[in-house]
Structures are given as structure tokens and as C-alpha cells.
Amino acid sequence: MNTDKKKMSLTGRVILGMLLGILTGFIIRSLFADTAFIHEYIVNGLFDVGGKIFIASLKMLVVPLVFVSLVCGTSSLKDISTLGRLGGKTVLFYLVTTALAITLALTMGTIFQPGAGADLSAATTFASKEAPSLGDVIVGMFPTNPISSMAQGNTLQIIVFAILFGIAISAAGKAGERIAALFVDLNAVIMKLVALLMNIAPYGVFFLMAKLFTGLGLDAIYNLLGYFLVLAATLLLHGFVTYSVMLKAFSGLSPIVFLKKMEDAVMFAFSTASSNATIPVTMETATKRLGVNNKIASFTVPLGATINMDGTAIMQGVATVFIAQAFNIDLTMSDYLAVIMTATLASIGTAGVPGVGLIMLAMVLNQVGLPVEGIALIMGVDRLLDMIRTAVNITGDSVVTCIVAKSENEMNIDVFNNPKAGEKDEEVHFHTLKQNS
């Protein structure tokens, strides 16, 4: 049946799902806190299972998408030296944005002093996992078993293997051309699968928000209001101002156009609180909406999701100042410089380690002699702030992707400037499937 009714955009549907989920969570927490049936079958049943299925469906695509798209991008490079230039440029920009993020966080924390007069009664013992050394991380980048790396979702090892495999395809002549054509087709199929899964996003976001806000009390936020507001403000300042200035200065592209086109990816990142789970959406946004060539996006986006942690770096900066103030410990200028250096290098050194944000924070606190137990102070609101951090992280990945693509002349400016570019892909494909069934 044909209809000319204008449908709500994907972003609009995701925001609606998010708001309804938050409202549902607060209603259940306020009115049905003691109702065992609601908590057992609705909150821990429907909401929990629905949210986990949504996250799992996104993560399901990460390994095949990263591997296939990166093989496609690498095998299409005519000059292999381009890869070294591309890699160096990308890593440099990621390190610079992280250093800027931590500097901004320390500045904001010092100015607004969120830890002054903080209540330390909530502090408990926090046991941090040991972070690997930078040498171990470099050695660990090279897989001994690529299939095992894919099964475990080790992004750095997958990236390295995909690059080597792509280079081999490029150098293998006619045989390589046939394999390359197969990967191009596989990439098209995977991107269509991404578009198809986007249609369930509003429901998945609803389940995640409803579950989260059923268990998240406003008292946790009130107790840490200063920390919460300073960290949230710093994240937004970095996300909107720092990235906009960088994008305009290094590429000449419009920050306003960029931010509008990032809506879908930002909503996904906010609701999932996982840069890796958002990779499929970030990739599609970069290639279809922003006009970046897949050979660039397939390298910069997965790498950024692994090593570029601006949001996490900001959390470390504000948390370090907050904990120091809460324990009445004065930090010197050399301490601040040590925090900047440690957090920037740790963004690579702890890549791929579970609970990476808290591991990095423990490293930073140890570096400047602050009590690691202070982490327990901020854990009550960390889940909500983690959502904002992830949105900032993937925005930074996309900014660097655009800057690198523009510098390599691998960006379609017409697509970037076209407000409708890539907007209808997922809806058209979805309706085509319905008509054919």
C-alpha cells in the first residue's frame, strides 16, 4: 500500500524512544518500586532482554564490518606508501584531540572546583585491573591466530590483519582483483544489514533507557552534582566547540552541517554507551552522509573507536581534580603535566581492555599519588556520564575522519553539503524488503 505521509526521521524516532524509556523508568521507580512482578518480568525481563538483544545485534556487525571494509579500503590503494601517511596522520590527530581534551578538563576542574567540600563517606575500596604496558600492547597488535582475534573481538589485531590482507590482495594481480571484487560485494551487503538493523533502534533505545532509569536514582546525581555538571559541561564544550574549530581550521568544512549529519550516530552512541557497538552506524554516517571514501573511513573509524577516547580523557581530568580536592591534596603544575601525558598515552596503552575508563583513571591517579579508592566516589553517576562520553568519542572519530579524508582528496564535498544525502537509504531498503515479501 502506497502512502505519501511524511514519516518521522530515524533520529526523531530514536529520541522519542529515549524519552519514553526515561519516562517509563522514572514511573516504575516512583510508583512500582515494591512490585515484584514489574521488576521481575518487565524490568529484568522485557527491558533487560530487549536492550541486550539490541546491543548484541549491533556488536554482531562490528567484526565483519571492520574486517571487510578495511580490506576493501586497503586493497583499493594503488600506492602502499599512502597507507603509512594515512596511519601517521590519523594517529597524530587522535593524540592531539586527546591531549586537548584532558587539558580542557583539568582547566575546567581547577576553575569550578567540583570536589570542594565533597562527602567522602561513600568511598570504598576500589580494585583496579592492571593495565598492559605500551610494549605489550604493540606486540599484542599482531595476531597469532586471526580467527581467534575475530572471535574475541580484538579490534587492533583485526585492523592489523585486515591491512596486511588488503595489501596482499593489491599485490596479487588477477587473483587479487577477483578477491577484491568479492569483498566489495560483501561490504555492500553488510552496509545494507546495518541499514536494516537501524529500524529496530528506537525500540532498543527504549528498552535500554527504561532499564537504566528504573535503577538510577536522582539522589546519586544530587550527591555529586558539582562533579556531574562540570564533567557534562566540559564534554559538551569539547564536543561542540573544540571539534568545530578543528574541523573548520583543518578542512574548511562547515561544523553546523557536520553536527546535523551526526545526529543518528550520536543518538546510537549515547544510548549504547559503547564506541565499538556504534561502529556500524558511525561508518555508515561517514560514508553515506558525510561523503568520506570507504578506504579512509574503514581505517579511521575502527581505529578511533579503539584508541581515540577524548570523552574518557575528559572524565579522567575532571575526576582527578575532583578526587584531589575531595581528599584536600594539592596538585602541582608538574602533576597536571603528568596527568596530560599519562592519559594521552594510556588512550592507546589500554585499548581493547574491558572497563577501559576506570583502568585509565586508576593509572592516572597512581601517577600523581592520589588514592585510587576515590574512584568509588564517582561510580554512582558514571553510567549516565559514560553515555555522554561515548557520544563525544564517536564525534571526535568522525571529525578526524573528515579532516584526514579532505587532506587526502578522498571526500565527496557535494555529498557532505547535501542535507538529504544518505538519509533515506535504510527506509527505502526496508520498504523494498516488505514489498518483495
Side-chain angles (χ1 to χ4, degrees), residues 87-112 114 134 227 229-256 258-259 262 265-266 269 275 282 300-301 303-322 324 331-351 356-357 360-361 363-365 367-368 385-386 388-407:
K89 201 181 295 185
T90 303
V91 171
L92 177 63
F93 270 110
Y94 281 150
L95 290 177
V96 167
T97 60
T98 303
L100 287 173
I102 190 74
T103 303
L104 177 64
L106 291 172
T107 303
M108 292 285 284
T110 303
I111 292 173
F112 293 102
L134 188 56
Y227 169 76
L229 291 176
V230 171
L231 180 48
T234 309
L235 287 165
L236 293 175
L237 185 63
H238 189 66
F240 285 105
V241 178
T242 306
Y243 289 148
S244 295
V245 171
M246 282 188 64
L247 185 68
K248 191 67 178 176
F250 291 102
S251 70
L253 298 170
S254 167
I256 295 175
F258 171 83
L259 290 171
M262 284 298 297
V266 166
S275 296
T282 311
T300 57
V301 171
L303 186 64
T306 308
I307 71 169
N308 185 44
M309 301 179 186
D310 290 2
T312 306
I314 288 172
M315 180 271 285
Q316 290 153 24
V318 175
T320 299
V321 175
F322 172 77
L331 296 178
T332 64
M333 183 56 67
S334 62
D335 289 331
Y336 286 126
L337 292 175
V339 170
I340 294 171
M341 288 294 296
T342 305
T344 303
L345 294 176
S347 66
I348 294 178
T350 54
V356 64
M360 290 170 67
L361 179 55
M363 289 173 62
V364 171
L365 294 178
Q367 183 68 31
V368 292
L385 289 165
D386 193 21
I388 308 175
R389 292 202 300 266
T390 307
V392 170
N393 284 343
I394 66 104
T395 302
D397 298 345
S398 301
V399 165
V400 172
T401 296
C402 287
I403 291 173
V404 172
K406 184 71 162 47
S407 71

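These figures come from a predicted structure and were not determined experimentally.
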Open item on the list: Determine whether Phe93 and Met246 satisfy the following criterion, side-chain contact (heavy atoms from CB on, under 4.5 Å), listing intermediate values before the conclusion.
Closed with: CA-CA 10 Å; Phe93 270 110; Met246 282 188 64; 3.9 Å; yes
- [ ] Would you please test Lys89 and Val400 for side-chain contact (heavy atoms from CB on, under 4.5 Å) and show each step?
- [x] CA-CA 9 Å; Lys89 201 181 295 185; Val400 172; over 6 Å; no
Task: Residue pair Arg389, Ile314: steps toward the side-chain contact (heavy atoms from CB on, under 4.5 Å) verdict - done: CA-CA 8 Å; Arg389 292 202 300 266; Ile314 288 172; over 6 Å; no
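With sequence neighbours left out, Thr401 forms a side-chain hydrogen bond (donor to acceptor under 3.5 Å, both in side chains) with Thr300. Ala319 pairs by the side-chain contact (heavy atoms from CB on, under 4.5 Å) definition with Tyr227, Met315, Leu361, Ile378, not counting sequence neighbours. Every side-chain contact (heavy atoms from CB on, under 4.5 Å) that Ala233 has, sequence neighbours left out, goes to Met108. With sequence neighbours left out, Ile256 forms a side-chain contact (heavy atoms from CB on, under 4.5 Å) with Ser254, Lys260. The side-chain hydrogen bond (donor to acceptor under 3.5 Å, both in side chains) check on Lys248 picks up nothing, with sequence neighbours excluded. Legend: residues meeting side-chain contact (heavy atoms from CB on, under 4.5 Å) with Leu236, ordered by chain and number and at least two apart, are Phe240. For Asp335, there are no salt bridge (charged side-chain N to carboxylate O under 4.0 Å, His left out) partners, not counting sequence neighbours. Under the side-chain hydrogen bond (donor to acceptor under 3.5 Å, both in side chains) criterion, Ser334 pairs with Thr332, not counting sequence neighbours. Evaluation of the ring pair (Phe, Tyr, Trp, His ring centres under 6.0 Å) rule for Phe258 yields no partner, not counting sequence neighbours. By the side-chain hydrogen bond (donor to acceptor under 3.5 Å, both in side chains) test, Thr242 is found to be paired with His238, residues two or more places apart in sequence or in another chain being considered.
Residues Asp397 and Val301 share a closest heavy-atom pair of OD2-O, 4.4 Å. Here the shortest heavy-atom pairing between Leu106 and Ile340 reads CD1-CG1, 3.7 Å. In plain terms, the two heavy atoms of Ile388 and Ala232 that are nearest each other are CD1-CB, 4.3 Å. For the residue pair Phe112 and Val230, the shortest heavy atom distance occurs at CB-CG2, 3.7 Å. Contact record, Ala101 with Ala313: CB-CB, 4.4 Å, taken as the closest heavy-atom pair. Closest approach of Leu385 and Leu235 over heavy atoms only: O-CD1, 4.3 Å.
If you check the side chains of Tyr94 and Asp310, you find no donor sitting under 3.5 Å from an acceptor.
Of the possible polar contacts, none joining the Asn393 side chain to the Ser275 backbone as a donor-acceptor pair under 3.5 Å is found. Thr342 places no side-chain N or O within 3.5 Å of a backbone atom of Val339 that could act as its donor or acceptor partner.
A 4.5 Å side-chain heavy-atom check between Thr98 and Ile102 finds every atom pair outside the cut-off. Residues Ser398 and Thr282 have side chains in contact (heavy-atom distance under 4.5 Å, counting atoms from C-beta outward). The side-chain heavy atoms of Thr320 and Tyr336, taken from C-beta on, include no pair separated by under 4.5 Å. No side-chain heavy atom of Leu331 sits under 4.5 Å from any side-chain heavy atom of Thr110. Residues Leu303 and Ile307 are in side-chain contact: their nearest non-hydrogen atoms beyond the backbone lie under 4.5 Å apart.
A distance of 9.5 Å separates CG of Leu100 from OH of Tyr243, quoted to the nearest 0.5 Å. Between the CE atom of Met309 and the OG1 atom of Thr390 there is a distance of 10.0 Å, given to the nearest 0.5 Å.
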